[in-house]
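Read through the structure below, which is laid out as structure tokens, and then see the notes.
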Amino acid sequence: MSANEPQEKYQDSELFRIRHSAAHIMAQAVLELMPEAKYTIGPAIENGFYYDFDLPRALTPEDLVQIEKRMRQIIAGNHPFVRRVLSADEARQIFKDQPYKLELIDGLEKGQFDEDGNPLEEKPEISIYTHDTFTDLCRGPHVESTRKINPSAIKLMSVAGAYWRGDEKNKMLQRIYGTAWKTPKELEQYLWQLEEAKKRDHRKLGKELEIFVFDEEVGPGLPLWLPNGGVMIEELESLAKEVENAGGYDRVRTPHLTKEELFIRSGHLPYYAESMYPPMELEGVKYYVKPMNCPMHHKIFASLPRSYRDMPIRLAEYGTCYRYEKSGELFGLMRVRSMQMNDAHIYCAEEQFEQEFMAVIGLYLHYFEIFNIEKYVMRFSTHAKAGLGKKYIDNERLWLKTEDMVRRAMQNGGVPYIEVPDEAAFYGPKIDVQIWSAIGREFTLATNQVDFAVPERFDLKFINPHGEEEIPLCIHRAPLSTHERFIGFLIEHYAGNFPVWLSPQQVRVIPITDSQNDYVYNVVKQLKALGIRASADVSAARMNAKIRSAQLFKIPYMLVIGEREMNEGKVSLRRRDGSRQDDLALESFIAIIQEKIKSRSGELI
RNA sequence: GCCGACGUAGCUCAAUACGGCAGAGCAACUCACUUGUAAUGAGUAGGUUAAGGGUUCAAGUCCCUUCGUCGGCUCCA
């Protein structure tokens, strides 16, 4: 279930103090290496810490080695961390050569921001921590002395760019990431986890399993789905269609292009233009490739007069969209520029909202079960007043009203969620579902958004029981995300060992010598006739090599066939986990695999 | 988009800090072997070293530009 178990807050833990203190020690080492360095902030984060510096030159990997070495020396010095509370003016005196610190002190004095740049509720005390020769503006807490850190349990990981205060208008600083643990064993364990995660990286497995490729000549962020990926897409789409048909959805199809007018009306051009491909102009008319399907679905809703008897109307489409993601934001299949979305728009009357909204949440839970997703969090994203008219449609009354409706629906439905301000879509609040793959990597996949503004802009209406025109609410939802992101997630989640129903190749039939080839062809033919994805390996290689090859492709079932099996109409079943079942009648195997496929079993063997 | 690193055969990697004849394994193809649950052996072919420009007697290696990828930042399904 969702991760809401009570536990010690990380901020109060020993590990947090170790990491935060390690950040200070690293800053000391960096300042010794480059005395002109300006230092900014350096918090503890999940699995480690970082510190941001403004440096006269770029850091090199050799610098990191030096810095790490010096950190160990400082730790060995057993210097105590000493806290001191002081006035803003005194702090300004201490940090007079550190412009970033002076900016932070101003923020603290006005009670706006803490030293990590987070907004403050009330005006804080200003404090500094000193160890050895290094003093930092800091709220703490720290370990008592540097020796409390195990010098063999820290490691500097990487250098990266980061904007001062996370704002892209500000200067780019150099950030050093480090990791720190209580014991060397824990450090090793963490590094091992990183290695394991690399093995599951969807970019690596996607290539090895021949699921997708990127081609420089086609363009960045524009994946080509190979036949194996094509199979997975087909399977996901049939699942979605099945579920949506049962849920009362109607399927529609819409073009990839539309005239500029439509996107002006929808609000995409004013609010979303920088994520859209630029227009193409023909005969004086501008056309845009669509970044979302909603405007077309709205037009379909508007194409007929609607009565309250028809409501809700649920329009579904695996729509292909194009978004101009900035080049540095692209990431394998997870962040692409062309994508196919498990999209639908639900138009309903206000009193139908709660039921419809919760039905969508129900869909998520159904899918989570199918895909063995055990850990997730519903993130309720709301607007921020400051963004009205810029990031968000300027109608505070409707924002507050719809946010309240969503909150009530979630509470009535007993669905745990966390509320995150200032992350809504431009047209309304949304629920994003954050999930964790089997190795604990986090993804934002499904989304469920309320649109209170656009139906009005599109002049959408239905006739209510009183014979009056009423504007419907619209729910945008995409429980299976996009094919790109969802399959990327599935590859990492299953490490390529997909459940049988989803496996691009389900059965590999392997003859021991080529005198069994004819029988093998016959077996494959029978399996294929039943819709099972089977192929024969009749290459010149030996049986062992064929098994290895099927194993590397993570094909769930191998049927090994020799003289004996051929004569008795049997197969020797080898599963990808290495387990075996000999002397199995072909019909028995067919019964086994058909059951797995039909039930979309989540069992991996 | 920004900071930094990287780009050698279909894939994984070499090519001795300091320029001096582009190499290996796997995959592919050919031939032989006919094999009982993770690699049979031998041979053949495969490259304008991402693209373009520059320095040099000589550039995979040094410099510049462009493209792409990766680690982050920002942004997001």
Side-chain angles (χ1 to χ4, degrees), chain A residues 50 52 54-55 57-61 157-177 201 203-204 207-208 210 213-221 272 274-275 291-292 319 321 323-337 339-343 381 391 423 425 430 432-433 443-449 476-486 488-489 510-517 539-553 558-565 572-576 578-582:
Chain A
Y50 68 79
D52 286 350
D54 186 355
L55 301 175
R57 65 166 174 86
L59 285 163
T60 64
M157 306 297 284
S158 60
V159 187
Y163 298 108
W164 166 236
R165 296 203 139 157
D167 187 334
E168 60 183 328
K169 291 187 213 70
N170 287 343
K171 183 161 185 186
M172 177 70 63
L173 306 168
Q174 294 188 64
R175 172 174 298 180
I176 307 178
Y177 281 98
D201 191 311
R203 293 165 299 186
K204 178 175 140 70
K207 190 188 275 183
E208 285 170 7
E210 296 173 11
V213 290
F214 286 96
D215 186 293
E216 276 197 28
E217 216 168 346
V218 174
Y272 201 75
E274 63 174 37
S275 297
M292 292 184 192
C321 297
R323 297 183 186 172
Y324 193 81
E325 303 289 349
K326 291 190 252 171
S327 58
E329 290 165 350
L330 299 173
F331 174 72
L333 281 183
M334 300 298 185
R335 226 23 213 291
V336 291
R337 287 180 175 163
M339 71 209 83
Q340 233 179 324
M341 220 185 302
N342 173 228
D343 211 359
S381 303
K391 261 170 90 175
E423 287 193 11
K430 60 177 180 173
D432 281 326
V433 184
F443 299 85
T444 299
L445 284 181
T447 183
N448 191 8
Q449 314 180 342
H476 304 234
R477 41 113 279 181
L480 290 180
S481 186
T482 60
H483 283 320
E484 288 71 20
R485 190 170 281 185
F486 199 69
F489 163 77
I510 297 170
I512 290 175
T513 73
D514 41 13
S515 24
Q516 290 92 47
N517 281 2
S539 65
R542 271 145 214 265
M543 175 204 62
N544 275 309
K546 292 178 183 182
I547 288 173
R548 181 178 146 83
S549 149
Q551 200 79 53
L552 292 175
F553 266 106
M558 282 160 255
L559 299 180
V560 179
I561 288 170
E563 191 72 24
R564 211 168 59 230
E565 286 79 7
S572 167
L573 169 63
R574 180 191 163 100
R575 300 184 194 84
R576 70 186 148 196
S579 66
R580 274 173 67 177
Q581 204 168 337
D582 288 337

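All values below were derived from every heavy atom in this structure, side-chain atoms included, with hydrogens, water molecules and symmetry-related copies excluded. Per chain, numbering begins at 1; letters A, B, ... match sequence-line order. Worth saying up front: this structure is predicted, and the values here are computed from it rather than measured.
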(Q) Taking the minimum atom-to-atom distance to the side chain of A:Ile512, which one of B:U34, B:U35, B:A77 wins? (A) B:U35

**Q.** Nucleotide of B:U12, B:A77, B:U37 approaching A:Lys207 most closely (side-chain heavy atoms)
**A.** B:U12

Q: May I ask you to say what A:Leu445 touches in the nucleic acid, namely base, sugar-phosphate or nothing, with a heavy-atom cut-off under 4.0 Å?
A: sugar-phosphate

Q. If you check every side-chain atom of A:Glu216, which of B:C67, B:C75, B:A77 has the closest atom?
A. B:C67

Q. Does B:A38 have OP1 or OP2 sitting under 4.0 Å from an N or O in the side chain of A:Arg574?
A. yes

Q) From B:U35, B:G1, B:A77, pick the nucleotide closest to the side chain of A:Lys430? A) B:A77

Q) Rounded to the Å, how far apart are A:Glu329 CD and B:U69 C1'? A) 16 Å

Q: Provide, to the nearest angstrom, the distance between the CG atom belonging to A:Asp167 and the P atom belonging to B:C2.
A: 16 Å

Q) Can you find a donor-acceptor N/O pair under 3.5 angstrom joining the side chain of A:Glu217 to the base of B:A51? A) no

Q) What is the distance from CD1 of A:Ile176 to P of B:G71, rounded to the nearest Å? A) 19 Å

Q: Could you check which of B:G71, B:G36, B:G7 has an atom nearest any side-chain atom of A:Ser572?
A: B:G36

Q: Describe the nucleic acid contact of A:Glu484 in one word from base, sugar-phosphate, nothing, applying a heavy-atom distance below 4.0 Å.
A: nothing

Q) How close or far is atom P of B:U69 from atom CG of A:Asp201, stated in whole angstroms? A) 14 Å

(Q) At 4.0 Å (heavy atoms only), tell me whether A:Met543 reaches a base, stays on the sugar-phosphate, or touches nothing. (A) sugar-phosphate

Q) How long is the line joining CD1 of A:Ile547 and P of B:U37, in whole Å? A) 7 Å

Q: Tell me what A:Ala160 touches on the nucleic acid: a base, only sugar-phosphate, or nothing, going by heavy atoms under 4.0 Å.
A: base

Q: To the nearest 0.5 angstrom, please state how far the CG atom of A:Asn170 sits from the OH atom of A:Tyr163.
A: 10.0 Å

Q. Counting side-chain heavy atoms from C-beta on, which of B:U34, B:A39, B:U74 comes nearest to A:Ala545?
A. B:A39

(Q) Name the residue from A:Gln516, A:Met543, A:Arg580 that meets the side chain to side chain contact (heavy atoms under 4.5 Å, CB included) definition with A:Val560. (A) A:Met543

Q) A:Arg542 side chain: which of B:U35, B:C73, B:U37 is closest? A) B:U35

Q) Nearest nucleotide by nearest heavy atom, which residue falls closer to the 5' end of RNA chain B, A:Arg175 or A:Ser515? A) A:Ser515

Q) So, A:Arg337 side chain and A:Tyr324 main chain: donor-acceptor pair closer than 3.5 Å or not? A) no

Q.
When the P atoms of B:C76 and B:A17 are compared, how many Å lie between them, rounded to an integer?
A. 48 Å

Q | No-H, no-angle donor-acceptor pair, A:Arg203 side chain to B:C70 base, under 3.5 Å | A | no

Q) Between atom CD in A:Glu208 and atom P in B:C26, what is the gap in whole Å? A) 17 Å

Q.
Among B:G36, B:A77, B:G1, which nucleotide has an atom closest to any side-chain atom of A:Tyr324?
A. B:G1

(Q) What's A:Thr444 touching, base or sugar-phosphate or nothing? Going by heavy atoms closer than 4.0 Å. (A) sugar-phosphate

Q | Atom pair distance, as rounded to whole Å: NZ in A:Lys169 and C1' in B:C2 | A | 13 Å

Q: Please state how far atom CZ in A:Phe331 lies from atom P in B:C73, giving the value in whole angstrom units.
A: 12 Å

(Q) Let's see if you can work this out: which of B:G1, B:U34, B:G36 has an atom nearest to the side-chain heavy atoms of A:Tyr163? (A) B:G1

Q: Check every strand shown and say whether A:Gln516 touches a base, only sugar-phosphate, or nothing at a heavy-atom separation below 4.0 Å.
A: nothing

Q. Base, sugar-phosphate, or nothing for A:Gly166, non-hydrogen atoms under 4.0 angstrom?
A. sugar-phosphate

Q.
Using a 4.0 Å heavy-atom cut-off, does A:Ala478 contact any base of the nucleic acid, only the sugar-phosphate backbone, or nothing at all?
A. nothing

Q) Does a side-chain N or O from A:Tyr177 land closer than 4.0 Å to OP1 or OP2 of B:C73, or not? A) yes

(Q) If you only use heavy atoms from C-beta on, which nucleotide in B:U37, B:C67, B:U74 is closest to the side chain of A:Asn544? (A) B:U37

Q. For A:Asp582, which contact category applies under a 4.0 Å heavy-atom criterion: base, sugar-phosphate, or nothing?
A. base

**Q.** N/O donor-acceptor pair, side chain A:Arg323 with base B:C75, under 3.5 angstrom
**A.** no

Q) Looking for any heavy atom pair under 4.0 Å, which part of the strands does A:Glu563 touch: base, sugar-phosphate only, or nothing? A) base

Q.
Between A:Pro220 and A:Thr447, which residue's closest nucleotide on RNA chain B lies nearer the 5′ terminus?
A. A:Pro220

(Q) Once you apply a heavy-atom cut-off of 4.0 Å, does A:Ser481 come out as touching a base, just sugar-phosphate, or nothing? (A) sugar-phosphate

